[in-house]
Number of protein chains: 4
Amino acid sequence: MGIHERKIREKEERRRQIMEAAKLVFSAKGFNRATMEEIAGEAELSPGTLYLYFKNKEELHTSLSIDILKYLTRQIRDYVDERNMSPEAKIYALRDAFINVYEYDAMVLINLFHLQAGETLKNLSGEVLQQIKEASGDALGAITSIVQEGIDQGVFVDKHPVALADIIWATYSGVVLWVDSKRLLNNEKDFVKQTLETAFDLIVAGLRNL
Amino acid sequence: MGIHERKIREKEERRRQIMEAAKLVFSAKGFNRATMEEIAGEAELSPGTLYLYFKNKEELHTSLSIDILKYLTRQIRDYVDERNMSPEAKIYALRDAFINVYEYDAMVLINLFHLQAGETLKNLSGEVLQQIKEASGDALGAITSIVQEGIDQGVFVDKHPVALADIIWATYSGVVLWVDSKRLLNNEKDFVKQTLETAFDLIVAGLRNL
Amino acid sequence: MGIHERKIREKEERRRQIMEAAKLVFSAKGFNRATMEEIAGEAELSPGTLYLYFKNKEELHTSLSIDILKYLTRQIRDYVDERNMSPEAKIYALRDAFINVYEYDAMVLINLFHLQAGETLKNLSGEVLQQIKEASGDALGAITSIVQEGIDQGVFVDKHPVALADIIWATYSGVVLWVDSKRLLNNEKDFVKQTLETAFDLIVAGLRNL
Amino acid sequence: MGIHERKIREKEERRRQIMEAAKLVFSAKGFNRATMEEIAGEAELSPGTLYLYFKNKEELHTSLSIDILKYLTRQIRDYVDERNMSPEAKIYALRDAFINVYEYDAMVLINLFHLQAGETLKNLSGEVLQQIKEASGDALGAITSIVQEGIDQGVFVDKHPVALADIIWATYSGVVLWVDSKRLLNNEKDFVKQTLETAFDLIVAGLRNL
DNA sequence: AATGAATGAGTTTTCATTCAT
DNA sequence: AATGAATGAAAACTCATTCAT
């Protein structure tokens with residue numbers, strides 16, 4: 001491995017280190033109350049260094065979301081590309097992908113939906129907005145494909161597949177956020193998994209039997 | 001009408017006037033970028049006056065949410081209390097209540113879900129938190145009653161009614177937020193109504209046929 | 001008693017009522033943290049009414065001080081005008097006047113010395129400044145007379161009587177403020193009386209024996 | 001000198017620079033009318049920078065007082081520790097320490113007594129209150145030692161030494177404040193030194209001859 | 001590459017005072 | 001005379017970002 005590769009690798013590591021710190025701080029404080037100084041402290045770096053790796057606070061925040069979106073898309077694609085599955089089984093596989101991603105990094109996923117739901121979106125710079133748009137377009141596209149397949153095979157109700165994908169996505173984000181908020185409001189335990197399972201039973205029954 | 005009643009009425013009117021202005025500004029800018037000065041300007045009042053009616057910015061913001069939650073609860077209760085309806089029809093009525101409320105004041109509803117989803121919740125004072133908790137407890141309770149009735153009559157799938165109510169609520173908020181975010185991201189038009197209709201078809205089919 | 005006299009009497013009563021409330025609030029909060037609204041509340045009047053009796057907050061505060069200064073001056077003069085006392089006895093009588101005034105209304109006296117010591121003095125309007133100047137000039141004058149008499153009779157050390165009066169006054173205010181501050185800092189009990197007694201023993205011994 | 005020492009030294013210098021500016025502004029305007037912006041301007045720094053060195057306005061103000069209290073305590077201790085002096089001479093030395101400190105920095109000393117006398121004390125945070133308490137405890141303790149020594153040697157009147165120290169301190173602060181206030185009220189010149197000299201003649205005579 | 005001290009724009013909130021009723 | 005709603009100026013403090021070292 002040449003010196004050049006090592007440099008690149010080190011740089012990537014440093015990026016990770018910052019994102020890891022940012023994840024913790026954003027999760028604990030939310031976007032606005034999180035300070036770059038605290039993130040820097042958490043990453044054991046100085047504030048100035050953060051700006052060598054991320055253009056600004058917003059971009060740092062968004063990178064977390066883009067990351068998880070890409071991870072989610074990869075997971076979904078894996079299932080979609082597997083040929084020998086019924087559309088119905090694929091929806092359940094989608095559900096498992098959702099649950100996996102949630103369990104892989106709940107904090108970042110919640111961050112993503114906060115971003116999607118919140119005022120932050122309004123204030124995003126065009127460039128970053130574009131990135132988010134693409135990444136979420138990919139994820140939605142993957143879901144749409146599954147639904148489309150089911151419709152094509154006559155197994156699913158014949159509605160506009162994009163609308164159905166929207167509903168699936170909305171249910172996913174809605175459940176994650178709502179359970180998180182109930183956790184905060186009532187100190188309830190985390191029951192995202194169970195809720196998603198029931199939700200998908202409903203969805204599948206609906207898709208099939210409508 | 002005595003002088004006392006008129007005073008009270010005027011005071012109430014002034015409160016409304018401020019909330020109306022706040023609604024516009026919070027919707028346009030989000031909580032953080034909205035300034036009390038701008039709200040005051042919109043209400044054609046001085047900044048100081050706002051503080052005669054609301055303890056602080058947070059409380060002003062939250063009263064909007066509590067208001068819409070109460071309005072929503074009233075709407076739902078109206079349907080629940082009507083006896084001659086099948087549970088299934090009640091779910092559709094619930095859907096219509098949701099759509100009504102959305103169409104009555106989309107901006108405030110989105111605000112509510114932003115609040116519920118967002119970091120704001122973390123920073124709310126105990127007292128206000130309690131109010132929100134109660135108001136959303138009421139709404140959820142109303143939904144749970146409907147579901148319970150359906151289960152009791154053997155029409156709906158026999159799952160924990162609170163979990164089902166959670167899913168309905170999560171779908172509602174998820175759809176509203178997601179469509180809003182697609183509108184922002186892709187300049188798409190508002191299709192909350194259609195999406196909710198399809199979503200409830202799925203939900204009802206699910207509740208019935210599971 | 002005519003209607004006119006009653007009106008005047010009522011007016012005077014209302015002034016008292018306000019000053020009584022102001023005393024409590026200024027003592028509890030200090031000049032800056034005390035609000036006109038709180039004083040009004042304490043007096044069971046509306047804020048606007050205060051301005052019918054006092055030009056502004058400052059004047060209301062200062063009236064308290066002028067009042068106690070006048071009361072103090074009257075007390076001192078009573079002793080000075082009594083002929084059959086040795087200068088030494090008069091100094092002790094002065095001490096008793098000081099103690100009396102302190103016990104009569106410690107809060108207002110402390111207020112006076114705060115005013116005298118504090119930044120408030122810098123910001124007083126010319127007119128009010130003049131009033132304070134006169135009132136404290138009167139009190140100091142009375143003290144000076146006593147000292148002068150002692151010097152004239154050859155009983156007291158022959159120093160500039162104004163300087164000696166200053167020292168007596170400074171000791172009085174210093175003791176009152178310092179004991180008050182020790183009370184606040186260390187939750188000690190009020191020992192102004194004892195301290196003043198010892199202080200005057202020292203002063204008298206000094207005036208005589210120097 | 002290493003780079004680390006230089007940094008520390010620079011930091012200390014910056015602190016001084018801010019305190020110097022604060023001293024000027026607080027003296028001219030008093031605590032409340034002084035603004036952080038003006039202090040920053042005087043120090044040729046930006047407002048934000050002040051907050052890197054002092055938690056808030058109050059702490060900046062109090063550090064001035066704590067500084068002068070420590071300086072005063074050091075001065076007094078110097079005299080107390082000198083063995084070959086009569087208690088009486090020590091009291092005169094104390095007087096000179098008082099005068100020295102006054103002449104060294106009258107403005108800050110007046111500020112200290114304002115703080116001690118004023119409403120500020122009521123609003124101090126616990127931590128700062130503690131610091132002030134300790135610093136003034138030290139100063140009072142040093143004075144008490146001197147008095148104690150005189151009592152032990154039978155030269156001074158046998159009264160409670162703490163009470164005597166209180167009187168000395170009260171006289172000091174009373175004289176400084178009263179002369180300052182006469183200066184403000186009557187445009188008189190500064191005669192703290194003379195007044196303190198006379199005051200201490202009285203005190204010493206009193207301590208000895210009572 | 002990393003630092004971290006300095007910046008300074010931006011916002012909430014308070015409260016003495018006024019004035020229409 | 002009394003009210004009390006409305007005013008609006010004023011100031012502390014925060015924090016993303018820069019840049020000299």
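Labels below follow one simple rule: chain letters A, B, ... track the order of the sequence lines, proteins then strands, and each chain is numbered from 1.
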Point-to-point distance, once rounded to the nearest 0.5 Å, from CG of D:Leu64 to CG of D:Leu69: 11.5 Å
Per nearest nucleotide of DNA chain F, the residue lying toward the 5' end, D:Pro47 or B:Glu44, is B:Glu44
Rounded to whole Å, CD1 of B:Ile8 lies from P of F:dA5 at a distance of 11 Å
Please determine if a side-chain N or O atom of B:Arg33 lies less than 4.0 Å away from the OP1 or OP2 oxygen of E:dT11. no
So do the side chains of B:Leu24 and B:Met107 get within less than 4.5 Å of each other, counting heavy atoms only? yes
Among E:dA16, E:dT12, F:dG8, which nucleotide sits nearest the side chain of B:Met36? E:dT12
For DNA chain F, what dot-bracket results from Watson-Crick or G-U pairs at under 3.5 Å, with [ ] for crossers and | for inter-strand partners? .||||||||||||||||||||
Spacing between D:Glu13 atom CD and E:dA5 atom P, to the nearest angstrom: 15 Å
When you measure from the side-chain N and O atoms of B:Arg14 to the phosphate of F:dA6, is any distance below 4.0 Å, counting only OP1 and OP2? yes
Non-hydrogen side-chain atoms of A:Pro47 and A:Leu50 separated by less than 4.5 Å: no
Starting from the 5' end of DNA chain E, give me the residue, A:Gly48 or B:Ala34, whose nearest nucleotide shows up first. A:Gly48
Is there a donor-acceptor pair closer than 3.5 Å between any side-chain N or O of C:Glu59 and the backbone N or O of C:Phe54? no
Of D:Glu37 and B:Lys11, whose closest DNA chain F nucleotide lies nearer the 5' terminus? B:Lys11
For DNA chain F, which residues in residues 49-64 of chain C have a heavy atom at a distance below 4.0 Å? C:Thr49, C:Leu52, C:Tyr53
May I ask you to evaluate whether B:Ser46 reaches the phosphate of F:dG8, defined as a side-chain N or O under 4.0 Å from OP1 or OP2? no
Distance in angstrom units between C:Arg15 CZ and F:dA1 C1', rounded: 16 Å
Close aromatic pair by centroid cut-off 6.0 Å: D:His114 and D:Phe31: no
CD of C:Glu10 versus P of F:dA1: gap in Å, rounded? 11 Å
If I take atom CG in residue B:Asn32 and atom P in nucleotide E:dG10, what distance separates them, rounded to the nearest angstrom? 16 Å
Side-chain contact, heavy-atom cut-off 4.5 Å: D:Arg14 with D:Leu45? yes
Side chains of D:Ser63 and D:Gln131 in contact at under 4.5 Å (non-hydrogen atoms): no
Testing C:Asp67, C:Thr62, C:Ile68 one by one against C:Leu112 for a side-chain contact (heavy atoms from CB on, under 4.5 Å), which residue passes? C:Ile68
Lys/Arg N to Asp/Glu carboxylate O, C:Lys23 vs C:Glu20, below 4.0 Å: yes
